[in-house]
Amino acid sequence: MTPAVDKSPERASLTAFSWTPLVWFGALIILCYWPVITRMVAQWNNDEDMSHGFFVPALAAYIAWQQREKFFATPARPAWMALALIVYAGLQVFVATLGAELFLARTAIVLSIIGAVWFLGGIERLKVVAFPLFLLFFMVPIPAIIYNQITFPLQLLASRAAEWALMAIGIPVFREGNILELAGQKLSVVEACSGIRSLLTLTFLSLIYGYFFDKRTWMRVLLFLATVPIAIVANASRVTLTGILSEVKPELAHGFFHAASGWVIFMVALAILAVFHQIVDRVSGALNARR
């Protein structure tokens, strides 16, 4: 008996595809950007706002692998114009390194990957994996100047919403900026409680959620935009919960219980996103049925 041979088109495409150039480009990108990559991974490990960074390349690679059949079915037309993007990325990381600009140095990695795919496969193959390549930008921490511009307004918004909520349930509170004064103690809504952490992670997860659970572009965009109010409401709820716990037992407003409440509220925000998707889906279905 002779062993069965898998002659499926997907298997044939994988066999016919030359992995050598891809491996070479991948190795060169890792080698050239190794110092930048190691510092970025270190920030993922030490900065709780960017802890989702570990999952970004893994999920992007998984989504790209899911598109492999369509990718290999698309004729490869290597584009020499893509070398301009690769060279630009190299110049960008060089200038960024001289100026200690981490954001530009890190985005240059993504630009180099995009340029490599474009150069080896052409614009049509690049379009096939455009979404997972776009996701890679979410592994790059946002610049400090933008981070600071976002966090302080979010701190004030969370403080103001928590003040209203606590007063509504009968807990007296006085707010001064991002400081909440309760009967027993003062609560400071610091950067970690601004909501930027849940906002960054939730926006990334909304794209993943939309990719796997809905194919409509308008729905994916709506889910992405909905993460902003959902994250704000969720974080204001966390500050309010901290205020309530501090009234019951001041120790609960710090340490493990405070950190645990953050994770619980984030999971609630993710659940709200899923419920919002179901509501919009049913409403749009009902409207389409009436037409």
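All values derive from a computational prediction rather than experimental measurement. Numbering starts at 1 and runs along the sequence shown. Values below: all heavy atoms of this structure, side chains included; hydrogens, waters and symmetry mates excluded.
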Do the ring planes of F134 and F138 sit parallel (below 30°), tilted (30 to 60°) or perpendicular (above 60°)?
perpendicular

Drop me the distance from Q67's CD to E69's CD, to the nearest 0.5 angstrom.
10.0 Å

Please report the shortest heavy-atom distance between S284 and R216, naming the atom on each side.
OG-NH1, 3.6 Å

Determine whether L120 and W24 fall in the same hydrophobic cluster, where Ile, Leu, Val, Met, Phe, Trp and Tyr are linked whenever their side-chain heavy atoms lie under 4.5 Å apart.
no

So, is the end of the K215 side chain (NZ or CZ) under 6.0 Å from the ring centre of Y211 and within 45° of the ring's axis?
yes

Please determine whether residues L31 and Y33 belong to a single hydrophobic cluster, defined as Ile, Leu, Val, Met, Phe, Trp and Tyr linked transitively by side-chain heavy-atom distances below 4.5 Å.
no

Can you give each donor-acceptor pair under 3.5 Å made by side-chain atoms of residues 34-41, sequence neighbours left out, with the distance rounded to 0.1 Å?
residue : atom : partner : partner atom : Å
T38     : OG1  : W34     : O            : 3.1
T38     : OG1  : P35     : O            : 2.9

Check: R68 side chain, W65 main-chain N or O, donor-acceptor pair, under 3.5 Å:
yes

Does some side-chain heavy atom of T227 sit less than 4.5 Å from a side-chain heavy atom of L223?
no

Do you reckon V268 sits in the same ILVMFWY cluster as L273, going by side-chain contacts under 4.5 Å, direct or chained?
yes

Between V233 and L205, is there shared hydrophobic-cluster membership here, with clusters defined by ILVMFWY side-chain heavy atoms closer than 4.5 Å?
no

4.5 Å side-chain heavy-atom contact, L102 and P141
no

Rounded to the nearest 0.5 Å, what separates atom CZ in F213 from atom CD1 in I208?
11.0 Å

Taking all non-hydrogen atoms of both residues, which atom of A269 and which atom of I230 are closest, and how far apart?
O-CG2, 3.6 Å

With H277 as partner, the option from F212, F224, Y209 fulfilling ring pair (Phe, Tyr, Trp, His ring centres under 6.0 Å) is Y209

Check whether more than 12 heavy atoms from other residues, nucleotides or ligands sit under 6.0 Å from atom CZ of F55, and answer yes or no.
no

Once rounded to the nearest 0.5 Å, what's the spacing between atom CG of L59 and atom CG of L207?
11.0 Å

Please check if the side chain of R220 supplies one atom and the backbone of D214 the other of a donor-acceptor pair under 3.5 Å.
yes

Hey, what do you get for OH (Y62) to CG (L135), rounding to the nearest 0.5 Å?
13.5 Å

Under a single-linkage definition using a 4.5 Å side-chain heavy-atom cutoff for Ile, Leu, Val, Met, Phe, Trp and Tyr, are F119 and I30 assigned to the same hydrophobic cluster?
no

Any donor-acceptor pair under 3.5 Å linking the side chain of R106 with the backbone of V140?
no

CA sep, side-chain torsions, deciding dist, call: N45, F54, side chain to side chain contact (heavy atoms under 4.5 Å, CB included):
CA-CA 8 Å; N45 189 53; F54 288 102; 4.1 Å; yes

Straight-line distance of L200 CG to H52 NE2, nearest 0.5 Å
6.0 Å

What donor-acceptor contacts under 3.5 angstrom involve side-chain atoms of residues 78-94, with partners at least two apart or in another chain?
residue : atom : partner : partner atom : Å
Y88     : OH   : Q92     : OE1          : 3.1
Q92     : NE2  : L104    : O            : 2.7
Q92     : NE2  : T107    : OG1          : 3.0

How far does NZ of K70 sit from CD of E124, to the nearest 0.5 angstrom?
9.5 Å

So, do W218 and V280 sit near enough that their side-chain heavy atoms are less than 4.5 Å apart?
yes

Check the pair L133 / V110 against side chain to side chain contact (heavy atoms under 4.5 Å, CB included), numbers first and verdict last.
CA-CA 7 Å; L133 290 175; V110 184; 5.8 Å; no

